[in-house]
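Following: one structure in structure tokens, then a few remarks.
Every heavy atom of this structure was used, including side-chain atoms; hydrogens, water molecules and symmetry mates were not. Here is how names work: the chains are called A, B, and so on, in the same order as the sequence lines, proteins then strands, and each is numbered from 1.
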2 protein chains.
Amino acid sequence: MRPERADAARNRAKILTAAAAVFAEKDPRTVTMDDVAKAAGVGRGTLYRRYPDIGSIAVALLDEHETGLQRELMEGPPPLGPGAPPADRLAAFYAAMVDLLEAHGDLALATEVGGKRFAVGAYGFWRAHVLSLLREAGVPSPEALADQLLAPLAPDVFVHQRAQGLSPSQVKAALARLATVLSHSA
Amino acid sequence: MRPERADAARNRAKILTAAAAVFAEKDPRTVTMDDVAKAAGVGRGTLYRRYPDIGSIAVALLDEHETGLQRELMEGPPPLGPGAPPADRLAAFYAAMVDLLEAHGDLALATEVGGKRFAVGAYGFWRAHVLSLLREAGVPSPEALADQLLAPLAPDVFVHQRAQGLSPSQVKAALARLATVLSHSA
DNA sequence: AGTGAAGTGGACACGGCGTCCACTTACTCG
DNA sequence: CGAGTAAGTGGACGCCGTGTCCACTTCACT
């Protein structure tokens with residue numbers, strides 16, 4: 001496997017920055033491959049070479065932001081990272097996700113087209129994290145609960161709540177209640 | 001406003017039964033207007049006369065099943081209907097919704113195309129119900145929580161959980177925990 | 001400079017969407 | 001009962017997005 005060619009790298013960068021702009025300025029669910037191609041000044045074929053659909057472009061952009069949080073969850077300071085009680089860690093995770101959604105909700109929305117929410121790699125990571133917290137808290141049969149606790153973080157739910165006039169901190173507060181209340185029962 | 005003409009009524013029936021069959025036999029997210037038209041033996045124009053998109057056909061079919069539950073919530077016997085403590089009523093509602101999803105998950109999935117989940121009339125009803133239960137339980141600022149408690153009932157979440165091998169009763173159990181635990185904190 | 005492989009981009013065929021309108025059918029009223 | 005009329009029908013049409021394909025260009029290595 002040869003290293004990436006210079007023109008290919010140049011185009012990859014052009015595509016990503018152009019895509020970020022496009023997703024930001026119009027309804028992310030209606031962004032088309034052509035839009036990105038035009039904005040990046042490349043042909044559609046070039047896009048398809050790397051990304052099988054628009055969703056994956058959005059995922060690629062989102063990953064940059066998500067990996068930071070993922071690292072913090074694994075090896076950062078408490079309460080996000082290890083060391084704090086599970087309830088606090090879950091609440092902190094919720095808060096961090098809300099911040100992420102607030103900053104990049106448009107991208108997150110774009111990753112949902114075609115209902116591949118659960119296929120995306122990041123979902124597995126979040127799920128594994130929540131699952132381990134639930135286990136640590138001693139919650140019985142946490143498998144089903146994990147998905148259910150992740151559901152309120154679905155981009156469309158958050159965006160809907162924001163559109164209804166709820167502030168990010170209100171959303172965080174409700175999620176925090178959920179997190180703390182859960183461990184009470186364990 | 002004139003009464004509906006005989007042929008129109010006939011076609012409405014043909015469309016609905018044909019649509020139900022089509023949604024059942026293939027991935028409901030890929031069902032097209034043409035599929036339904038062909039199956040019903042009518043032209044596409046006839047479909048558009050009543051339903052602006054496939055989603056609304058699915059909604060029309062689903063409504064038949066949902067109205068039953070809605071009535072029970074309002075005037076049925078406890079714990080589904082009025083009279084039981086909020087936590088029990090919430091758990092019962094969750095269980096009923098799981099049954100509904102288990103029976104008609106395909107339709108529910110089809111209503112989600114285009115991200116109109118929150119625009120559909122039924123969502124408002126469920127939300128109002130949960131909201132009133134939360135108020136009755138004395139939970140503070142229940143507005144944000146209502147959407148979050150409804151999120152695990154999103155068709156794609158449920159279908160995903162089933163596909164993972166979780167049984168309906170496992171899903172119910174986890175939701176019941178959520179419901180009971182919440183009122184503990186009030 | 002020459003060569004082969006990697007990369008590019010736009011033309012193409014396909015399929016779904018939503019509209020439009022000439023035609024058909026059912027009700028109504030003389 | 002037999003026009004007249006409004007409601008209802010259906011398929012053709014144009015549009016747009018998708019994903020593929022392949023002749024051409026560019027790069028990197030010698």
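Summary of the strand contacts: A/G45 and A/T30 both lie near DNA chain D, and taking for each the nucleotide with the nearest heavy atom, the more 5' one is attributed to A/T30. Both B/P52 and B/A6 sit near DNA chain C, but only B/P52 has its closest nucleotide nearer the 5' end.
Between the side chain of B/R89 and the backbone N or O of B/V130, no donor-acceptor pair lies under 3.5 Å. Judged by distance alone, with hydrogens and angles left aside, the side-chain atoms of A/Q170 form a donor-acceptor pair with the main-chain N or O of A/S167 at under 3.5 Å.
Remark: C1' of C/dG10 and CZ of A/R49 are 15 Å apart, rounded to the nearest angstrom. To the nearest angstrom, C1' of C/dG16 lies 14 Å from CD1 of B/I57. Rounded to an integer number of Å, the gap from A/Y51 OH to C/dG7 C1' is 15 Å. Note: CD (B/E4) to P (C/dT28) measures 14 Å, nearest angstrom. Per the geometry, CG belonging to B/D7 stands 9 Å off C1' belonging to C/dT24, to the nearest Å. Atom OH of B/Y48 is separated from atom C1' of C/dG16 by 8 Å (rounded to the nearest Å). Whole-Å rounding puts the B/M33 CE to D/dT9 C1' distance at 15 Å. Atom P of nucleotide C/dG18 and atom CG of B/D35 are separated by 14 Å, given to the nearest angstrom.
Between A/R44 and the phosphate of C/dG10, there is no side-chain N or O to OP1/OP2 separation shorter than 4.0 Å. Applying the 4.0 Å criterion to OP1 and OP2 of C/dG15, one finds that B/T32 has every side-chain N and O outside that range. In this model, the phosphate group of D/dG8 is not approached by any side-chain N or O of B/N11 to a distance below 4.0 Å at OP1 or OP2. Taking 4.0 angstrom as the limit, B/R10 places a side-chain polar atom (N or O) nearer than this to OP1 or OP2 of C/dA26. Within the structure, a side-chain polar atom (N or O) of A/R50 is placed less than 4.0 Å from OP1 or OP2 of C/dT8. B/R5 has no side-chain polar atom (N or O) that falls below the 4.0 Å cut-off from OP1 or OP2 of D/dG8. In this structure, A/T46 does not reach the C/dG7 phosphate: none of its side-chain N or O atoms is under 4.0 Å from OP1 or OP2.
The shortest side-chain heavy-atom distance between B/Q148 and A/V171 falls under the 4.5 Å cut-off.
If you check every strand for non-hydrogen atoms under 4.0 Å, B/L47 touches nothing. B/R12 comes within 4.0 angstrom of nothing in the nucleic acid, heavy atoms only.
At a threshold of 4.0 Å, the pair B/E102-B/R162 counts as salt-bridged, since one of the basic side-chain nitrogens sits closer than that to a carboxylate oxygen.
Ring geometry for A/H160 versus B/Y123: interplanar angle over 60°, hence perpendicular rather than tilted (30 to 60°).
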